[in-house]
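Only heavy atoms go into these numbers, but all of them, side chains included; no hydrogens, no water, no symmetry mates. Within every chain, numbering begins at 1; the chains are lettered A, B, ... in the order of the sequence lines, protein sequences first and strands thereafter.
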Amino acid sequence: MKHESHSPDQSLGQPAVVVDNVSKVFNAGGRQQVDALLDISLTVQPGEFVSLIGPSGCGKSTLLRLIADLLSVSSGSLVVNGKPAAQARLDQDYGMAFQQAGLFDWRNVAKNIELPLEIRGWDQAKRRERSAEMLELVKLSEFASHMPWQLSGGMQQRVAIARALAAHPPLLLMDEPFGALDEMTREHMQAELLSICASTSTTVIFVTHSIPEAVYLSDRVVVMSPRPGRITATIDVNLGGNRNDDTREASEFYGKITEVREALRGIEHVGGARGIEDR
Amino acid sequence: MNGASLQRKVANAAVPVAFGVGFVVLWEFLVRWRDIKQFILPRPSMIWKEAVNNAGFLRSAATVSGTNALVGLVCGIIIGCAVAMIANRFKILAELVTPLSAAISAIPIVVIVSILNNMFRIGSEVPRRLMVTIVVFFVVFVNVARGLRQSNSTQMELMRSYAASPSQVMKKVRFPNALPFLFTAIKIAAPLAVTTAFVSEYFGGTQDGLGQKIPAAMANSKDPLGWAYVGAACVLGLGFFIAANVLEYVAVPWQRSRNSG
Ligand SMILES: Nc1ncnc2c1ncn2[C@@H]1O[C@H](COP(=O)(O)OP(=O)(O)OP(=O)(O)O)[C@@H](O)[C@H]1O
Ligand SMILES: [Mg+2]
């Protein structure tokens with residue numbers, strides 16, 4: 001692995017996330033039963049960056065919510081950071097960011113970042129110190145006392161990422177965090193996310209609709225198909241640790257994009273891949 | 001941004017003020033021109049003279065009514081918020097309070113005031129304040145309960161991911177999210193508190209508030225004075241309404257930014 005293990009309690013070689021034969025059925029037995037996920041198995045190593053990609057409705061968000069213990073599995077087992085998902089949530093073993101920044105309007109930027117720490121019961125001095133550190137990381141130090149509505153969409157998303165990382169969780173779960181951003185901001189944020197993850201050696205599971213985004217960011221791209229949601233392909237990316245704007249021009253980059261697109265095409269013939277962006 | 005929006009507020013206020021002044025001038029002119037009898041409609045200038053001559057009486061009556069309205073308003077807001085929060089936590093209470101509040105709202109104020117007047121010693125202001133509290137409570141309870149239910153789903157998922165306790169979720173997310181609803185309720189309840197105070201003063205008790213003075217002055221053919229009391233009542237109601245708006249402006253700034261686009 002290219003990164004060191006994150007924290008001492010994360011014993012070496014122990015996977016960050018193990019999804020074992022997990023299925024998820026919504027409204028089981030009801031008229032509106034949805035088989036959202038079927039027999040999903042996925043192991044993510046510490047420090048690894050894994051993207052989930054697939055047509056709309058294939059269960060990417062559901063899988064992420066299961067790992068986060070925001071939903072519970074219908075069958076199968078889920079181990080996060082060496083413990084059951086529910087325990088990992090109670091221990092705040094992960095940070096989470098959504099497509100919506102979900103900032104709290106009545107708290108300024110620093111206070112937003114401090115919220116998870118506040119709930120953990122950290123004292124104020126320690127919280128202040130950490131939020132200042134996180135603001136520096138996302139390059140928003142001057143905006144510490146601004147209110148969320150005074151920030152642009154990209155800045156709000158950076159605050160949300162800083163908040164997700166504030167407790168230094170070993171695992172980061174992100175559900176289309178850059179989906180609402182313009183292309184320029186998006187590429188900038190991708191580069192920033194990579195450098196933050198490299199400096200904190202955080203494991204990331206990242207949901208996206210964009211093939212280039214998945215390829216640029218990931219060590220591994222997991223392709224999913226809908227109804228019921230299954231993993232149909234896993235593509236190792238290996239673009240190296242130091243990715244930059246040149247990476248986006250490299251032929252290996254285009255090669256991988258084609259590979260992911262082809263894996264998605266395979267789905268298209270079965271179900272129809274809607275909602276995948278080629279940019 | 002603040003300076004500009006304040007300026008806009010002042011500009012917005014100019015129209016109703018100009019309208020009010022024009023209305024009074026027209027009124028004065030019409031009464032003089034058509035030679036309308038004083039007991040039907042006195043002239044604004046007469047009312048103003050009467051108001052200046054009796055300023056002390058007006059002030060003390062307005063103070064009594066204003067205090068009744070304010071005490072009732074504050075109690076109603078506090079109890080309304082508290083019950084809404086408890087009902088949000090324990091659904092059974094919500095199922096009890098909602099039909100009960102519908103039932104009580106259907107009882108005419110006269111009846112409730114009479115019952116309350118019999119429960120307390122003669123001359124007590126408590127029944128009037130209780131009446132205001134009851135009216136304000138329902139407005140606040142209904143709105144805040146709705147606000148507490150409408151929490152942003154991303155924020156709620158975040159709180160769950162932090163393993164926050166139910167009381168932390170209430171304090172840090174649900175209640176702040178319901179604040180715009182609370183202030184909408186206060187804006188409705190503030191003028192309502194004033195009129196409820198007048199009405200409950202009218203139906204028995206000490207003859208000290210505006211709710212007693214207006215009909216008393218009218219009955220004694222002191223019409224301009226009666227109208228002066230009416231004017232004081234208007235000022236009081238308007239004062240409560242403006243105070244509620246200022247409070248909202250200061251307390252939920254994010255709502256302000258959302259409204260101005
Ligand atoms: N709470 C729920 N109740 C019932 N069905 C649900 C629920 N959440 C998701 N589903 C269903 O599960 C399936 C997978 O949904 P999910 O949100 O995980 O898809 P997704 O891959 O994230 O899609 P998108 O790319 O559009 O975000 C969908 O068919 C959806 O209708
Ligand atoms: Mg989704």
Check: Side chain, backbone, both or neither: which part of Leu103(A) has a heavy atom under 4.5 Å from chain B?
Finding: backbone
Notebook entry, point to check: Who pairs with Arg128(A) by side chain to side chain donor-acceptor pair (under 3.5 Å), at least two apart in sequence or on another chain?
Noted result: Glu114(A)
Notebook entry, point to check: Heavy-atom count around Lys187(B) NZ within 6.0 Å, excluding the residue itself: above 12?
Noted result: yes
Item checked: Over 12 foreign heavy atoms within 6.0 Å of OH, Tyr202(B) -> no
Check: Within the distance-only criterion (no hydrogens, no angle test), does the side chain of Trp106(A) pair as donor or acceptor with the backbone N or O of Lys172(B) below 3.5 angstrom?
Finding: yes
Notebook entry, point to check: Which of the residues Arg65(A), Met147(A), Gln99(A) is involved in the greatest number of heavy-atom pairs with chain B at under 4.5 angstrom?
Noted result: Arg65(A)
Margin query: For Phe104(A), which atoms come within 4.5 Å of any heavy atom of chain B: side chain, backbone, both, or neither?
Written below: both
Check: Taking C-beta and beyond as the side chain, do Pro253(B) and Trp149(A) meet within less than 4.5 Å on heavy atoms?
Finding: yes
Next item on the list: Check whether Arg120(A) gets within reach of chain B through its side chain, its backbone, both or neither, counting any heavy atom under 4.5 Å.
Entry: neither
Note to self: Using a 6.0 Å cut-off, check whether atom CD1 of Ile92(B) has over 12 heavy atoms from anything other than its own residue.
What the structure shows: no
Next item on the list: Would you please go through residues 138-171 of chain B and name the residues with a non-hydrogen atom below 4.5 Å from one of chain A, in numerical order?
Entry: Asn152(B), Thr154(B), Gln155(B), Glu157(B), Leu158(B), Met159(B), Arg160(B), Ser161(B), Tyr162(B), Ala163(B), Ala164(B), Gln168(B)
Check: Should we count CZ of Phe120(B) as having more than 12 external heavy atoms under 6.0 Å?
Finding: yes
Note to self: Please identify, among Ala68(A), Pro116(A), Gly95(A), Ala101(A), the residue contributing the most non-hydrogen atom pairs under 4.5 Å to chain B.
What the structure shows: Pro116(A)
